[in-house]
Number of protein chains: 2
Amino acid sequence: MARTKEFDPDAAVDKAMEVFWANGYAATTPQQLVEALGIGRGSLYNAFTSKRALYERALRRYYERETTRLLQVLDGPGPARERLRAALELLVAAALDDRERRGCMVTNAAVELADRDEVIAHLVRRTFERQEAAFRSTIEEGQRDGDISADRDPAALAAFFLTTINGIQVLAKADPDPRRLSRLAETALSVL
Amino acid sequence: MARTKEFDPDAAVDKAMEVFWANGYAATTPQQLVEALGIGRGSLYNAFTSKRALYERALRRYYERETTRLLQVLDGPGPARERLRAALELLVAAALDDRERRGCMVTNAAVELADRDEVIAHLVRRTFERQEAAFRSTIEEGQRDGDISADRDPAALAAFFLTTINGIQVLAKADPDPRRLSRLAETALSVL
DNA sequence: CGCATTTTGTAACTAGAGTTCAAGAAAGGT
DNA sequence: ACCTTTCTTGAACTCTAGTTACAAAATGCG
């Protein structure tokens with residue numbers, strides 16, 4: 001009854017995500033998107049309405065795809081303390097693998113857009129809350145097990161870890177030094 | 001021998017700094033700059049060459065003007081531990097006062113540009129190093145005075161504090177919650 | 001098969017970004 | 001008073017961002 005799409009919209013969002021992730025929102029052009037997605041301008045706008053709308057979808061995709069690794073590590077097996085360590089080490093390793101220094105797309109969105117765009121801000125907050133909640137439940141678990149001293153407020157500790165991972169993203173943008181980042185993570189863990 | 005400038009270039013850089021600080025680099029337009037500086041387009045480019053060059057000057061100005069408060073607190077009088085607390089509280093208070101949530105211009109520059117522009121990255125690194133050094137010498141002083149336990153590596157602690165303040169900037173962009181930020185700072189201090 | 005529908009590629013459009021330029025105005029030295 | 005220099009204003013210019021429009025092509029239903 002109607003012509004079928006020749007490209008996979010899901011795959012296209014993935015590619016758009018890569019472009020926005022690497023360049024940020026404002027610095028990304030329709031031209032770059034068209035080239036990266038391998039489709040015509042017409043198809044781009046027919047399928048995704050606007051640059052802004054595509055960015056939002058890309059950020060949601062990032063939230064679903066790239067943000068889960070951390071949660072998996074935190075919700076995984078093993079002593080709570082070890083999981084927290086593994087989580088921070090994961091972040092550090094990812095930052096060092098990231099040769100183009102794109103950082104974390106949510107951190108980037110927070111800094112570039114959260115103050116100007118309520119929808120983006122909301123998405124960012126949701127990501128942060130999920131991460132914070134994962135930190136928190138891991139910490140609480142550790143406290144029940146006696147793995148982590150119980151005289152600290154788990155909510156405060158979770159917010160602190162959230163801050164730390166965002167701080168690591170910023171640092172790594174300017175100067176991805178392996179030794180420094182590792183010691184950093186180590187020091188943050190010593191708060192427990 | 002030549003006509004004198006009718007505007008104060010130093011004051012103009014200050015105004016440009018405000019605009020870039022609030023909007024970031026890519027999202028700032030010549031039009032906004034012209035309006036904010038109150039000069040003609042011709043004068044703008046005659047005096048500052050390009051948007052990029054003006055941004056660089058604005059960021060340098062930020063480095064000189066807005067980045068010193070932290071250092072003053074850290075280098076000030078009083079017990080080292082108290083100075084570290086005051087420094088973090090200063091950051092938190094500034095974030096809460098910042099109704100437009102511009103955050104820290106250096107943090108913003110790090111995230112938006114440090115991966116693409118080596119000159120900006122260098123400036124960011126310099127700022128970070130200066131802040132890190134101030135944290136470090138305060139910590140070392142505290143360790144000599146017995147104010148801070150001496151069994152920790154001051155360099156690692158300093159890097160950790162640098163991360164924390166950048167993390168706070170990111171968090172505050174998305175959700176400037178007073179209670180959370182204060183407890184955050186408190187928790188970070190408990191690492192000592 | 002033909003029809004309604006949605007896709008695609010390409011051209012077109014508007015607006016504004018980022019910069020340059022020309023003509024005149026202030027300043028100071030001679 | 002003039003000359004040189006540097007400033008100012010404002011228009012002008014090029015280029016591209018971001019979007020839309022259009023004609024042709026594909027699809028499946030009746």
Side-chain angles (χ1 to χ4, degrees), chain A residues 1-61 105 108-109 112-113 116-117 119-120, chain B residues 1-61 105 108-109 112-113 116-117 119-120:
Chain A
M1 197 176 180
R3 182 171 177 175
T4 60
K5 276 198 172 64
E6 289 183 4
F7 67 95
D8 177 357
D10 270 354
V13 172
D14 280 343
K15 289 175 186 166
M17 181 187 85
E18 298 287 340
V19 179
F20 282 125
W21 186 0
N23 300 318
Y25 175 71
T28 296
T29 70
Q31 188 55 34
Q32 289 174 288
L33 290 168
V34 157
E35 282 165 15
L37 309 210
I39 65 180
R41 270 168 131 75
S43 298
L44 212 222
Y45 280 88
N46 176 54
F48 302 111
T49 309
S50 71
K51 176 184 165 186
R52 169 58 225 285
L54 180 52
Y55 178 82
E56 203 179 310
R57 287 194 63 173
L59 186 55
R60 293 203 137 89
R61 176 64 52 85
M105 191 178 171
N108 298 352
E112 186 185 359
L113 301 168
R116 342 190 53 174
D117 187 322
V119 176
I120 300 299
Chain B
M1 200 177 176
R3 181 170 179 176
T4 61
K5 275 197 173 63
E6 289 183 4
F7 66 94
D8 177 358
D10 270 353
V13 172
D14 280 343
K15 289 174 186 167
M17 181 187 85
E18 299 287 340
V19 180
F20 282 124
W21 187 359
N23 301 318
Y25 176 72
T28 297
T29 70
Q31 189 55 34
Q32 289 175 287
L33 291 168
V34 158
E35 282 166 15
L37 307 211
I39 65 181
R41 269 169 132 75
S43 297
L44 212 222
Y45 280 87
N46 176 54
F48 301 111
T49 309
S50 69
K51 176 185 165 184
R52 169 58 225 283
L54 180 52
Y55 178 83
E56 201 179 312
R57 287 194 63 173
L59 186 56
R60 294 203 137 87
R61 176 64 52 84
M105 191 178 172
N108 298 351
E112 186 185 0
L113 300 168
R116 343 189 52 171
D117 187 322
V119 176
I120 300 299

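Throughout, protein chains are lettered first and strands after them, A, B, ... in sequence-line order, and every chain is numbered starting at 1.
- With rounding to whole Å, A:Leu54 atom CG is found 11 Å from D:dT19 atom P.
- Contact annotation: B:Thr29 side-chain N/O to C:dG16 OP1/OP2 distance is not under 4.0 Å.
- Among residues two or more places apart in sequence or in another chain, the side-chain contact (heavy atoms from CB on, under 4.5 Å) test is passed with A:Ala26 by A:Glu112, B:Ala26.
- A:Leu33 has its CG atom 11 Å from the P atom of D:dT19, to the nearest Å.
- Every pair passing salt bridge (Lys or Arg N to Asp or Glu O under 4.0 Å) that includes a residue from residues 16-25 of chain A is listed here, sequence neighbours excluded: A:Glu18-A:Arg102.
- B:Thr49 pairs by the side-chain contact (heavy atoms from CB on, under 4.5 Å) definition with B:Ala53, not counting sequence neighbours.
- Shown here are the side chain to side chain donor-acceptor pair (under 3.5 Å) partners of B:Asp10, two or more places apart in sequence or in another chain: B:Arg61.
- Regarding B:Tyr45, its OH atom lies at a distance of 17 Å from the P atom of D:dA11, rounded to whole Å.
- Looking at residues two or more places apart in sequence or on another chain, you find a side chain to side chain donor-acceptor pair (under 3.5 Å) between B:Arg60 and B:Glu56.
- Nearest heavy-atom pair, B:Ile39 versus B:Val34, reported as atom, atom and distance to 0.1 Å: O-CG1, 3.1 Å.
- Residues passing the side-chain contact (heavy atoms from CB on, under 4.5 Å) test with B:Asn23, sequence neighbours excluded: A:Arg116, B:Val19, B:Thr28, B:Gln32.
- In this structure, CG of B:Leu44 is placed 14 Å from C1' of D:dC7, rounded to the nearest angstrom.
- Every residue meeting the side chain to side chain donor-acceptor pair (under 3.5 Å) condition with A:Gln31, not counting sequence neighbours, appears here in chain and number order: A:Glu35, A:Arg41.
- Taking a 4.0 Å limit (strictly below) on heavy-atom distances, residues 12-25 of chain A does not reach DNA chain D anywhere.
- Summarising the geometry, atom CG belonging to A:Asp14 is positioned 10.5 Å from atom CG belonging to A:Leu37; distances are rounded to the nearest 0.5 Å.
- Near DNA chain C, meaning a heavy atom under 4.0 Å away, the residues from residues 46-53 of chain B are B:Ser50, B:Lys51.
- Here the nucleotide nearest the side chain of B:Phe7, chosen from D:dT8, D:dA17, C:dT19, is D:dT8.
- The ring-ring contact (aromatic ring centres under 6.0 Å, His included) analysis of residues 20-51 of chain B, with sequence neighbours excluded, yields the pairs B:Phe20-B:Tyr55, B:Trp21-B:Tyr62, B:Tyr25-B:Tyr55.
- Contact check for A:Val119 versus A:Arg52: side-chain heavy atoms found under the 4.5 Å cut-off.
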Checklist outcome for this item: Per-nucleotide protein contact along nucleotides 21-30 of chain D, 5' to 3', at a 4.0 Å heavy-atom cut-off (B base, S sugar-phosphate only, - neither), is B---BBBB--
